[in-house]
Every structure is written in C-alpha cells, then in structure tokens.
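Letters A, B, ... mirror the listed sequences (proteins, then strands); counts begin at 1. We use all heavy atoms of the structure for the numbers below, so side chains are in, but hydrogens, waters and symmetry mates are not. A quick note: this is a predicted structure, and the numbers were derived from the prediction, not measured.
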There are 4 protein chains.
Amino acid sequence: MRWLEAAAEEILKGAKEAINQLDLEEVKKMIQMILDAREKKIFVVGLGRSGFVGRAFALRLMNLGFHVYFLGETITPAATEEDLIIVISGSGTTKLAVTASRTAKEIGAKVIAVTSYPDSPVGRTADHIVFVGGRTKIGWPKKKDYLARQIFGERETLTPLGSIFENNAMIFLDSLVVELMHRLGKTEEEMRKLHATIE
Amino acid sequence: MRWLEAAAEEILKGAKEAINQLDLEEVKKMIQMILDAREKKIFVVGLGRSGFVGRAFALRLMNLGFHVYFLGETITPAATEEDLIIVISGSGTTKLAVTASRTAKEIGAKVIAVTSYPDSPVGRTADHIVFVGGRTKIGWPKKKDYLARQIFGERETLTPLGSIFENNAMIFLDSLVVELMHRLGKTEEEMRKLHATIE
Amino acid sequence: MRWLEAAAEEILKGAKEAINQLDLEEVKKMIQMILDAREKKIFVVGLGRSGFVGRAFALRLMNLGFHVYFLGETITPAATEEDLIIVISGSGTTKLAVTASRTAKEIGAKVIAVTSYPDSPVGRTADHIVFVGGRTKIGWPKKKDYLARQIFGERETLTPLGSIFENNAMIFLDSLVVELMHRLGKTEEEMRKLHATIE
Amino acid sequence: MRWLEAAAEEILKGAKEAINQLDLEEVKKMIQMILDAREKKIFVVGLGRSGFVGRAFALRLMNLGFHVYFLGETITPAATEEDLIIVISGSGTTKLAVTASRTAKEIGAKVIAVTSYPDSPVGRTADHIVFVGGRTKIGWPKKKDYLARQIFGERETLTPLGSIFENNAMIFLDSLVVELMHRLGKTEEEMRKLHATIE
C-alpha cells in the first residue's frame, strides 16, 4: 500500500501548494463576478473529471440560491449577455470547453476560466482567469515547472493524468463557497433547505 | 430491410392506438396540475429510456417557462409539499422510480404517474394517473392484452423491450406541450428564446 | 384539448411521412457500418432532445451486445480510427455536435450523420448521411419545404421547435434496432439479459 | 477572503486526518475485491456530490482497463452475481443509494460501501466497508465526534453540508487508483490511451 500512501501525501502536498499559490486578487474578482450574477444566470462548464468538480461546485451555488446550470444537462436555458460562464479546465484545451467558452463570448456573456494554463484557448477566451496549479492531462503548467519538480521530484509519475488539478480545483471551489456563504450571510441550515430531498 | 419497415409500421400503429386510447379526462387533470404548478417546482422522474422521454419533456417545460428539474441531474433543488412530481414509468415497477415517488409523497408533494400499469407500485403511490398504453419491459398491460394481440398478432416480438411505451409517451407528452403552449399563449419564438444557446 | 389532439395527429402524420421518405439505400449502408463495428466501439453523439433520442438508441445497441458509448457520459473511452461515431442532429449545426464530429474525423473514425440537413456542418463532415425529415429548431429542411407546407399547411406552428425531427428519428432508430436484432439473430430474452438490473 | 483561507485550511487538515485514519486492512481488502473484478463488471453508485466523486473514480477505473459503469448513466448493463458494486455515500442514508445497494445484494453481487457511517442502511447492506471520515450532510460520524470537535472546534460551520467527506473520498480514491496502477503495472501513457479523445 505504499503507493497509496505516497500518492495521498503527494496529493495533499500539491493541494496545499496550489492553495498557497492562489492569487487572491484573481479570486477576489471571481467572487465579485459571481455576486454580481446573483440576479442573472450562471453556467458552469467542464468535461471529464473537471466536469465532476464543476458539477459539485454548481450544486453548492444552487444551495446558495444562485440560478445556476451545468452545461450539457437537460435543464440548460438560453444564455444571454448578462450571464456568467465559469469554465473549469486544467489544460484549457478540451475541445468542447473551448467551443462552449467561445460561444459564450459570441453571445456577450462574461467568461471566467479556472485553469492551470492561462495561455490556453480557454484562457485566452476568458474575461477573467483564476490560476489553479496542478498537473493536468497535458502535463505541468510551464510557469510552475521548476516548483513542480521540486515538490514532486522523481515521484512525478505517481498521480495519474490530471488528478492533481482536479483535487486542487475542488478544494479551491469548496473554499470559495464558504466565502460566498459568509458574504451572503447564509447559514448551513438555509443551504440545506435548498438541497435535493427526493433522491 | 423488411424488419425495419414492419417495425416502423407497428410502432406508428401502436402510437396512433395509444393516442386514441388516452382518457381525455385524465389528461385534462394532468394539464391542470401542471398549470397549477406554474409558480412552484416541477420534478420529472424516469429511468432508462423512459428517462430520456422524461428529459425531453422537462426541456420543453423549461422552454415554456416552468421551474422544472429532472431527478438525478446536478441541479435538483429540494422538493416541498407545494411541488409537482411527474413520474414516467411504463411498467411502474422500476425501483428507483418507486423510491422517488414514495419519497415525494412523504414530503407531501403531488405525484402524477404516466404509466401503462395503473396498479403498479408507482401507480398506487400517485395522486393522479395518466394511462399510456404500449408494451413495456414487463410485457403488455393487462387491460389491453386482447387489443394488443389483435393489433400486433404474431408480430408481437418485433419491437424489443419497452420501445412502444416510450414512443407513445414521447408523442403524448410532445402533444401535451403544444396544448400547454396554446393555453399559456406562448409562441414558438418565445420558447426558442429560452432554449440553450451555448451548446 | 383540441391542440393536443391536433398536435398528436400532426406528429403521427409527420412520422409516417418521414419513415416513407427514408432512402433505404442510405439506411442499408448505415446498418452495414454498424454491423462492421461489432468488434469496435460505437460512439453516439447528440445534444438537447436529439441527445435523448441518441441515448435511447445507444441503450438498445448495448442491449444488442455492441460496445457503445454516449459522448458526454462518464464512461467514454478513447476513440480510434477503427471506431464508428453516429451523430444525431436535426439541424446539423449544434456547435458541440459539429466539434465532436470534426474531432472524430481528425482521429480517422467513421462518422454517420442522422440529420434533416445533409448540407450542414455535421452533414458535410460525415462519411455517410441518413436523411430523416422533420422540422428542426432551425425550421424545415429546404428540400422538403414544399411537402412540409402541404402536410402541415397553416398548422405549421403547432409543433414547437424541433419536436418532429426527434420523434421521427426515435421511431426510425427503434425500427433500425429491430432490423439489427433480426440480422444478429438476437431474441428479446437475450436483449433483456443485457439490460440494467440495479436501477 | 479570510473565510476562503480558513475553509481551505480546514479542508486540507480534515483530508489529512481522514487519510491518516484509513484502516489499511479495509483498504487492502477493497483493492483485492477490485482486482478480483478485473474480468467482471464494476458499478459505481453515488448521488449528489458523492456521485461526482464516484464518476471521477469510475473514469479512472476505465483508464485502468476495468469494465466499469456509473449507475444512472445511459450505458448501464445488467449486473450479475459475479459483479462488484461500489457505493460512495457519506451518510449511507441517501434513498436511491440504499435502493441500489439492496438491489445489488438481491442479485447476489458484492457490495463495497465507502462511507462515514458504517452502521447506516448502505453500510449494513455492504459486504465490505471502507470508513472514510468527514462531516456529511447529516453531521459528523459518531465515532469521530470528539476528534471532529477538537480539529474544527468553533469553526465547525465553516464547511457547508457534506464538503469534507467528498473531498476526503476523492483524495482517498485517487490515491487508490495510483496503488491499482502500480499493482497492474500500468503506465500513465497506457492510461492516457484509454482516455476520451472526442470531447
């Protein structure tokens, strides 16, 4: 079980590092854009494992009372220029994510990219970028290469594919939800009341 | 290609028959319950192929401006006693559909079952039933056995599993949407404006 | 309830017409391509309501023993040049469907388009097209304009958005499944054995 | 932004704690059961946010070459007594998860529960339980109450609803994937080859 233990340690270290590396100005602006969309619609976009992180985040925004949708699900209304699109994509190159963010821009909606590659197709389309580090399916983000090697060293191959970005993004977004919750003055009890009861 | 042609003919005949057999009083009450839920939430429930028919119906209710959700998707808020649950289940026995409709009843929400088996677990839980005929995965609904044999005769095995119910349900629900559209005075143009634009 | 009845009649008429207009040579080739993919992977692609029709078709291909996947679901393995992609898109213009079919072509996979618009972006990308008529979200397919007006006349606005294409596609694909079932010598019993048991 | 920072710290602390508290014998048996299912089918079950964690895990099992499915998605074949069901449920009480695990047991399949509540309906149904700590939507698991208060103290309300369990489960399962990867002698390159290429 040494691989499991080493991997868990690596994931936790990587997550801590990613949280420390967050640019709080970037995060602050993202929070403001979300709060500004309170009376509008928010669309969360993500494919593969980033999609699951995106869905988990969308669910929490729903608990907070936002009008939120996850692209690709049945109930996805029309986006307008007043709405906000949040794209979660480690590599920033997943084709359907690129298509979605470009379409959102054409409509005139605001786009936030949560990515490890600010200079990717998704990143370049976005109005605002929040850099979340971590290895993605296309490798380590360039700017962080040196650090990555320092932290992960010879054990770099331990975490398969994009695991690290997705874990980091999930922890970041869950923390963001707590910040939003306090800004909006919501209690857990109020959030629970908006949570699914039939399933 | 004779199987394809024979099957298509059979499906179309079966659909026509199912539409003719609709109890218009049952349908009228379903329409009223949906209109009454205009300011509330509507949850559509269905598993497997009935789930796809349910999602297609939910999407149209969204186009009509209802606050509608499909159970199992990310954005599924809490149901309350004021809300309406519409369960699509040919056999009325699919376990997750039964669980969902019972949970909805416990909460005090209204439940409509669209089914070929009024006397099934889903049917017995529902406040209101709309009978839609057609072979389901558990066979022909009893009350319609004789007719089924007459229509389908020796070709009964042509349509695999539950195809017929689902086709019939889809045509019924799409027609229901047209009725709702006219009752609500909506135009196609208005509906299109509420349709997904990013995908 | 006259709208409901008129709409159901229209949908049924339209479906019958669409089935009659199927080019059996196109269908024959589609069947052969599917049978040729028996040991490969088949990916079904569709967005919105076409996606639900696509999922219902994918589920039946699974019942028939094919290695089939629906794009956008969790379990979507890598496509290779040996695989088959079936895109369901009435208008042939839905952006994510266009992106998916182009990506499939880049990989070298075979693409079948089921569409009302052979000359659409999806249609032009495809190796093979099966024309299925019916009004889509962008209106009536040009080649069929005259006929459409004849059939639907002043009642054209009855069926909202793309209903007709999707109903027609569902009936066509369900019939195709019956043809495949007989070609493969499968019985309903065998198909049922491959059907979900946990849900 | 102090809430965000405090929450991130709390989530990371909680995750570290949960990993340290893993019973390695429980984990070892889970790994063996997964390896034993190599030629069988594996079904992952989860609702809400646990469902997204489950999907992310299922996707990795697919990358490793397992025949894996996520309950509720289109392509969900029949389960048999030879198959393995892995239920992710923090509280162990989510109704649809309970229904699914009971149905799996009736069929004779093996059930693993990943949960914070071994004595929950899901836990009691399972053949094998892996305890993963963390607050769930129904609160803190009893056995860990004291510790929880120690770690989280007055800041207990910081992480809304079940965030902690899901983060912990995701990190645990990602680490498990690394262990499986090494046990199976898979390289990242091989895993990437099985990853989605069309999306």
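- Using bins of under 30°, 30° to 60° and over 60° for the plane-to-plane angle, the ring pair H182(D)/W3(A) lands in the parallel bin.
- Just one residue in the list K110(A), K41(A), K40(A) forms a salt bridge (Lys or Arg N to Asp or Glu O under 4.0 Å) with E82(A), and that residue is K40(A).
- Looking at V53(D), the atoms closer than 4.5 Å to chain A (heavy atoms on both sides) all sit in the side chain, from C-beta outward.
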(message) Show, in sequence, the C-alpha distance, side-chain angles and deciding distance for E26(D) and M30(D), and conclude whether the side-chain contact (heavy atoms from CB on, under 4.5 Å) test is met.
(response) CA-CA 6 Å; E26(D) 285 176 8; M30(D) 177 173 179; over 6 Å; no
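- Using a 4.5 Å cut-off between heavy atoms, L24(D) contacts chain A through both its backbone and its side chain.
- With a 4.5 Å cut-off on non-hydrogen atoms, R183(D) touches chain A through its side chain but not through its backbone.
- The parts of L12(D) that come within reach of chain A are both its backbone and its side chain, each placing non-hydrogen atoms under 4.5 angstrom from that chain.
- Of all non-hydrogen atoms in A97(A) and V87(A), the two that sit nearest each other are CB-CG1, 4.1 Å.
- Contacts of L180(D) with chain A are absent, with no heavy-atom separation under 4.5 Å from either backbone or side chain.
- Residues meeting the ring pair (Phe, Tyr, Trp, His ring centres under 6.0 Å) test with F52(A), sequence neighbours left out: none.
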